[in-house]
Amino acid sequence: MITIEDHLSQVLAGARPLATVTLPIAQCHGLVLAHDCAAKLAVPPFTNSAMDGFAVIAADVAQASADQPVRLAVTADIPAGAAPRERVTPGTAQRIMTGAMLPDGADAVVPVELTNIPAGPHELPAEIEVYEPVAARRHVRNAGDDVALGAQIVAAGTKLSAAALSSLVSVGYGELEVYRRPRVAVLATGEELAEPGEVPAPGHIPDSNTTLVQGLLREADCEIAEVARTGDTPAELLAALRQAAAGADLVITTGGVSAGAYDVVKEATSGAGITFSKVAMQPGKPQGHGLIEAEGGRSVPMLCLPGNPVSVFVSFHMFARPVLALLAGQPMEDAVAIHPRRMATTSLGWKSPPGRRQLAPVRLSEAERPGDLPTIIPTHRLGSGSHLVASLHKANALAIVPEETDDVGPWDVLEVIEL
Ligand SMILES: Nc1nc2c(c(=O)[nH]1)N[C@H]1C(S)=C(S)[C@@H](COP(=O)(O)OP(=O)(O)OC[C@H]3O[C@@H](n4cnc5c(N)ncnc54)[C@H](O)[C@@H]3O)O[C@H]1N2
Ligand code: MOO
């Protein structure tokens, strides 16, 4: 048996970032930025008001009170989007809306609520009464407060979140060079597989793996190139794999990789570029990986995951996610640490197979007392059994039980991988 780390490094050795493309920024969510982005605009781009009210000279209203309001003549109106045309001079104010450019001469904004003018739509008043002083720069948002022109905003290799994209729009970007979204083909093998919703014939079970893998791929911001179920002969399966690979950047198979008399994936691909190993993990022991020759001659990375659904889930997170991150343009150090890890305390005990590192699907619940570790609750009383698919949806983490531990006790402290 080989370690999880050895298998992962072999799997990653065959993966290269995909080509880059330039896309409108609205299409870049979940993609990885190909170049550093510096601010082409400052944020805010100009000094503006943080409140609906009146742009004033703070010194003019320093003595203002409800009993002795300060009267100012209103000389202009500045809605958002307008450029002010005149200066604010002593004894005057200009009506200003939130986000509108502060006129020269003004150094503060009096919110409308601190004047005799009711809030809401009104004719421009000729004069206002101000009831409270405002300090200089109060309710003023200065140009460049957030970032200055030329500041580095988002680094190459960053996976673009909604917030990262909005930051980039705010500093002047309308399109970005990003790595192409990985396209993945999914093939499930097994004569026993029934379509979702179909009443299974005796000995058949619903094919939950293709739905699982498609969903996990979507969660990883990938495109689904093709999904197929096949219970064919090795020759037919190999042809189907080569065809699927032609439209994909990665092929993922489930099932048919173990020691059975009908383990068709192993049989079909062992001599066709795919290596099969026993990895010292549970679930997910039998694994295959390599480059498959697609129709047309291209070599396409392939991962052959075991058929048991919990093994698929765990193997996807441990191996497919890092490969997809690399294909999608993320740096190696981010790809191998794609899921955050932390320590947590078990709430009850369970068994683990000796000699294999167990990755048990668990639910983490946050500690009630600040500073305490979160609590680990197994998603099923049978622990990490690789067939326990119906309780898999409760898992938000994988608890790591070391190879040398065969008995996890209550109150043990384990490292967990957050999903
Ligand atoms: N003699 C041995 N037998 C097994 C070994 C071994 O070392 N020696 N390893 C076991 C381990 S560990 C695993 S994991 C499985 C892996 O088996 P395969 O990858 O060959 O998968 P299958 O035999 O095709 O299926 C296993 C299991 O999963 C169910 N399955 C398959 N596909 C789907 C699907 N699309 N949706 C839902 N469920 C699926 C299938 O019905 C089987 O129950 O091998 C052990 N055996
Ligand atoms: O390793 Mo298998 O995945 O235990 O079920």
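Counting convention: from 1, in listed order, for ligands and their atoms alike. On a predicted model such as this, the values are computed, not experimentally measured, just so you know.
Near Asn308, meaning under 4.0 Å from one of its heavy atoms, ligand 2 places the atoms 5 (O). Those atoms of ligand 1 with a heavy atom of Pro306 less than 4.0 angstrom away are 14 (S), 16 (C), 19 (O). The distance from ligand 1 to the heavy atoms of Ser208 drops below 4.0 Å at these ligand atoms: 36 (N), 37 (C). Residue Ser311 approaches ligand 2 through these ligand atoms, each under 4.0 Å from one of its heavy atoms: 2 (Mo), 3 (O), 5 (O). Shown in contact with Gly255 at under 4.0 Å from a heavy atom are these atoms of ligand 1, numbered in order with element: 19 (O), 21 (O), 24 (O). Every atom of ligand 1 is numbered from 1 in the order shown, and the set under 4.0 Å from a heavy atom of Ser311 is 14 (S).
In this comparison of Pro309, Pro353, Pro283, Pro286, the heavy atom closest to atom 4 (O) of ligand 2 sits on Pro283. Of the listed residues (Ser386, Gly284, Pro306), the one carrying the non-hydrogen atom nearest atom 3 (O) of ligand 2 is Gly284.
Not a single heavy atom of Gly190 sits less than 4.0 Å from an atom of ligand 1.
Proximity of Arg356 to ligand 2, defined as any heavy-atom pair under 4.0 Å, is confined to the side chain (atoms from C-beta onward). Contacts with ligand 1 closer than 4.0 Å are made by side-chain heavy atoms of Pro309 only, the backbone lying farther away. Contacts with ligand 1 closer than 4.0 Å are made by heavy atoms of both the backbone and the side chain of Asn308. Contact annotation: for Ser386 versus ligand 1, there are no heavy atoms closer than 4.0 Å. At a heavy-atom cutoff of 4.0 Å, ligand 1 is contacted by no atom of Val389, backbone or side chain. Only the side chain of Glu192 comes within 4.0 Å of ligand 1, counting heavy atoms alone; its backbone N, CA, C and O stay farther away.
Looking from atom 39 (C) of ligand 1 to the surrounding protein, the closest heavy atom is Gly307 O, 3.5 Å.
A salt bridge links Asp372 with Arg369; the closest basic N to acidic carboxylate O contact falls under 4.0 Å.
Interatomic distance, CG of Leu41 versus CZ of Phe46, reported as 10.5 Å (0.5 Å rounding). Annotation: the span from Leu359 atom CG to Ser311 atom OG amounts to 10.5 Å, rounded to 0.5 Å.
In terms of polar-atom proximity, defined here as any N/O pair under 3.5 Å, Lys285 does make such a contact with ligand 1. At under 3.5 Å, not a single nitrogen or oxygen of Thr210, backbone or side chain, sits near a nitrogen or oxygen of ligand 1.
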